[in-house]
Amino acid sequence: MKTLIIYTHPNPKSFNAAIKETVEQELKSKNHEVQVRDLYQMNFNPILNADDFNQFFQNQIPADIKAEQNEIEWADNLIFIYPTWWINMPAMLKGYIDRVFTNGFAFQVSENGAVGLLKGKKVIIFQTTGQPEENLKPYNLISSMEISMGSGTLAFCGIESITHKFFYAVPYITDDMRNSMLEEVKTILNKL
Ligand SMILES: Cc1cc2nc3c(=O)[nH]c(=O)nc-3n(C[C@H](O)[C@H](O)[C@H](O)COP(=O)(O)O)c2cc1C
């Protein structure tokens, strides 16, 4: 199986980095072909700008976007790993989706509505938070993030969501608790 990890965190010593390393090692031990897109390390340009639109209108895709689309096309599975920033994904990842998941590649709009073009691909999302679950749940902040990423974005493109797993309050818990979260990451990967 071919799995693409789309990883968004600027700090290589973060817990998100530990999740990424765990996922990569675990999948390789199961003989997956694995590619990692480390958006900060790549210095990915997340700004959808006028030049992009000019090229889209001429049925052209900028080279840096095309390279990412080729990676997604190659993959059977996508795994997103990112922290919660302002009850959302980091702007870097939002910009990646803005630019890479284009009309004609990820979905097709017509007078009959939109059709997802990435059918057959599966996705797992690992998302960390600073706040504990009990602070976020009463305001439906977790479900709003799940719906926005799962239904609003990935299902819209035809991608089947396997799990959107939140790891809560990760800066404030013990190393043992963080290690058991990394064990849970491995268990979730068995669903692929
Ligand atoms: C700009 C910024 C915004 C943040 N916003 C939130 C937030 O809205 N809710 C939350 O629970 N944590 C928030 N946090 C905390 C991070 O989610 C938390 O530190 C991170 O998930 C921990 O994982 P890490 O050690 O890999 O960074 C924010 C952190 C930053 C830097």
Side-chain angles (χ1 to χ4, degrees), residues 3-29 32 34-49 68 71-72 75 77-101 123-156 159 161-192:
T3 301
L4 185 69
I5 301 172
I6 299 165
Y7 164 71
T8 313
H9 201 296
N11 179 1
K13 295 200 162 109
S14 64
F15 186 64
N16 274 262
I19 296 175
K20 188 250 296 171
E21 275 147 35
T22 302
V23 170
E24 198 176 351
Q25 277 168 21
E26 183 69 9
L27 291 178
K28 283 182 175 167
S29 79
H32 280 236
V34 180
Q35 292 288 344
V36 181
R37 309 312 285 158
D38 180 339
L39 302 187
Y40 281 97
Q41 195 189 52
M42 290 158 54
N43 205 18
F44 182 77
N45 168 19
I47 311 290
L48 176 58
N49 61 22
E68 298 312 309
E71 297 282 348
I72 291 169
N77 311 306
L78 307 180
I79 299 188
F80 288 90
I81 303 168
Y82 55 91
T84 303
W85 285 359
W86 292 110
I87 307 300
N88 216 312
M89 61 185 69
M92 170 64 97
L93 178 56
K94 176 63 168 53
Y96 172 92
I97 294 172
D98 289 345
R99 294 190 68 227
V100 174
F101 284 59
V123 66
I124 291 177
I125 301 155
F126 295 112
Q127 181 172 356
T128 62
T129 76
Q131 294 199 62
E133 186 174 11
E134 58 268 26
N135 290 4
L136 297 166
K137 271 225 156 140
Y139 301 99
N140 293 324
L141 295 172
I142 296 299
S143 52
S144 72
M145 289 190 279
E146 269 170 355
I147 292 165
S148 154
M149 182 60 161
S151 308
T153 304
L154 298 168
F156 181 79
I159 304 172
S161 214
I162 306 292
T163 301
H164 188 155
K165 177 66 190 174
F166 287 86
F167 292 115
Y168 295 102
V170 303
Y172 309 110
I173 58 175
T174 64
D175 282 349
D176 278 353
M177 289 162 99
R178 277 190 287 269
N179 284 333
S180 71
M181 286 173 173
L182 296 177
E183 288 306 311
E184 208 178 339
V185 165
K186 293 183 198 170
T187 307
I188 290 169
L189 292 175
N190 289 331
K191 295 183 184 176
L192 285 177

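First listed ligand is number 1; within each ligand, the first listed atom is number 1.
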Whether the side chain of [X] engages the backbone of [Y] through a donor-acceptor N/O pair (distance < 3.5 Å, no angle test) should be reported.
{"X": "Arg99", "Y": "Asn45", "result": "yes"}
{"X": "Thr84", "Y": "Ile87", "result": "no"}
{"X": "Thr22", "Y": "Glu183", "result": "no"}

- Note on the structure: Minimal heavy-atom distance between Leu192 and His32, with the atoms involved, is CD1-CE1, 4.2 Å
- Item | Option of least heavy-atom distance to atom 20 (C) of ligand 1 (set: Ile142, Thr128, Leu141, Ile81) | Thr128
- Of the listed options Tyr168, Trp85, Phe167, Tyr82, closest to atom 4 (C) of ligand 1 (non-hydrogen atoms): Trp85
Does some side-chain heavy atom of [Y] sit less than 4.5 Å from a side-chain heavy atom of [X]?
{"X": "Ile5", "Y": "Glu24", "answer": "yes"}
{"X": "Met149", "Y": "Phe80", "answer": "yes"}
{"X": "Tyr82", "Y": "Ile125", "answer": "yes"}
{"X": "Phe167", "Y": "Ile19", "answer": "yes"}

Got the closest protein heavy atom to [atom], with its distance?
{"atom": "atom 19 (O) of ligand 1", "result": "Pro171 CG, 3.6 Å"}
{"atom": "atom 11 (O) of ligand 1", "result": "Gln131 N, 2.9 Å"}
{"atom": "atom 14 (N) of ligand 1", "result": "Thr84 O, 3.3 Å"}
{"atom": "atom 22 (C) of ligand 1", "result": "Val170 CG2, 3.2 Å"}
{"atom": "atom 5 (N) of ligand 1", "result": "Trp86 N, 2.8 Å"}

Taking 4.0 angstrom as the limit and counting only heavy atoms of [X], give me the atoms of ligand 1 inside it, by number and element.
{"X": "Gly130", "result": "10 (C), 11 (O), 12 (N), 15 (C), 16 (C), 17 (O), 18 (C)"}
{"X": "Asn16", "result": "23 (O), 24 (P), 26 (O)"}
{"X": "Phe15", "result": "24 (P), 25 (O), 26 (O)"}
{"X": "Ile87", "result": "7 (C), 8 (O), 9 (N)"}
{"X": "His9", "result": "24 (P), 26 (O), 27 (O)"}

